[in-house]
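Here is the structure we will look at.
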Number of protein chains: 2
Amino acid sequence: MFMEPIRVFKALSNETRLNILKWLKEPEKHFPKQGAHLPKGVSIKGGVCVGDIQEKAKASQSTVSQYLNMMQNAGILESVRYGQWTYYRRNEEILSRLAEYFKTEI
Amino acid sequence: MFMEPIRVFKALSNETRLNILKWLKEPEKHFPKQGAHLPKGVSIKGGVCVGDIQEKAKASQSTVSQYLNMMQNAGILESVRYGQWTYYRRNEEILSRLAEYFKTEI
DNA sequence: TTGACATATCGAGAAATCCAGATATACAAT
DNA sequence: ATTGTATATCTGGATTTCTCGATATGTCAA
């Protein structure tokens, strides 16, 4: 996955999306019931399911799904399916490369 | 002038605007005739006039003027008028705060 | 004061984005 | 097989952005 700054900036140009990204930085803080659907022993570190994100974001299900998809396409989120749930988490690898890009090239 | 990340991200969500910001990082490299209209002894460090930017950006005069205005409103550029010319330059203060914001809060 | 030039602002059509409801898909449980 | 739940995708109207040409404003030079 390569890094397209403009796509990323578009993804971050919306308050709800920006909030989601920030919330996912501290999932246990912002999503107390994190991982509630996962069987014992399975943990998707930092991942939160769409429904929990939607509830917090107070936007429609389709909107949140599209937001998450958009952020994933921009490379800043990644998803893991588990049963009927999709867990999204930050792609820290890309995000730190972006921070470096911002610092040195912008 | 305070920092509104979303406005900044919108400003950076366009290839031409992003290019302008990058060009202004090394004005002497990208705008060889920089400061051509300034009288001797007057120098607007890092500043480039709208016409020179327009020529390089290959967009209409009004478009470039609006782009520059938008970037200024976002805080990432600042302008200095000199006679009939307006020189735009990067607001490095804001930009480095943004880089730090990106690194620590995004 | 007139004319020329640099830049800003206005107005508008085209294109893109926003965001919801409706529907589809995928999986789980019965 | 059927039902229920989670998520994705489709469709489309409303809003915003893009980008230009036209026009206005401001400044300098003659």
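Just so we're on the same page: letters track the sequence lines, and every chain starts at 1.
Protein atom CE of M70(A) is 16 Å distant from nucleotide atom P of dA8(D), rounded to whole Å. In this structure, I20(A) places its CD1 atom 13 Å from P of dT7(D), rounding to the nearest Å. In this entry the distance linking CG of N69(A) with P of dC10(D) reads 11 Å, nearest Å. One interatomic measurement links the two molecules: CD of Q54(B) to P of dT19(D), which rounds to 14 Å at whole-angstrom precision. Put simply, CD on E15(B) is 14 Å from C1' on dC18(D), counting in whole angstrom units. Rounded to a whole Å, the CD1 atom of I6(A) is 11 Å from the P atom of dC18(D). Atoms CZ (F9(B)) and P (dT17(D)) sit 16 Å apart, rounded to a whole Å. Spacing between atom CZ of R7(B) and atom C1' of dT16(D) amounts to 14 Å, rounded to whole angstrom units.
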| said: Is there a side chain to side chain donor-acceptor pair (under 3.5 Å) between S79(B) and T86(B)? Walk through the geometry before answering. | reply: CA-CA 6 Å; S79(B) 67; T86(B) 306; over 6 Å; no
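Nearest to the side chain of S62(A), among dC18(C), dC20(D), dG21(C), sits dG21(C). Nearest to the side chain of R17(A), among dC18(C), dT9(D), dC20(D), sits dC18(C). Nearest nucleotide to the W85(A) side chain, out of dA8(D), dA6(D), dA8(C): dA6(D). Closest to the C49(A) side chain, of the nucleotides dT7(D), dT7(C), dT19(D), is dT7(D). Here dC18(C) is the nucleotide among dT7(D), dT7(C), dC18(C) with the atom lying nearest to any side-chain atom of Y67(A).
Judged by closest nucleotide on DNA chain C, Y88(B) is the one of S60(A) and Y88(B) placed further toward the 5' end. Where K10(A) and V64(A) meet DNA chain C, the nucleotide closest to each residue was compared, and K10(A) sits on the side nearer the 5' end. Both Q84(A) and R81(A) sit near DNA chain D, but only Q84(A) has its closest nucleotide nearer the 5' end.
With hydrogens and angles left out, the side chain of Q61(A) and the base of dA8(D) share a donor-acceptor pair within 3.5 Å. The base of dA8(D) has none of its N or O atoms less than 3.5 Å from a complementary donor or acceptor on the side chain of Q66(A).
Counting heavy-atom neighbours within 6.0 Å of K103(B) NZ, excluding the residue itself, gives a total of 12 or less. Within 6.0 Å of CD in E15(B) there are 12 or fewer heavy atoms belonging to other residues, nucleotides or ligands.
Among the atoms of the strands shown, base atoms are found under 4.0 Å from some heavy atom of T63(B).
At the phosphate of dT19(D), OP1 or OP2 sits under 4.0 Å from a side-chain N or O atom of N14(B).
Using cut-offs of 30° and 60° on the angle between ring planes, the pair F9(A) and F102(A) is perpendicular. Ring-plane geometry between W23(A) and F31(A) is classed as perpendicular, the angle between the planes exceeding 60 degrees on a 0 to 90 degree scale with a lower cut at 30.
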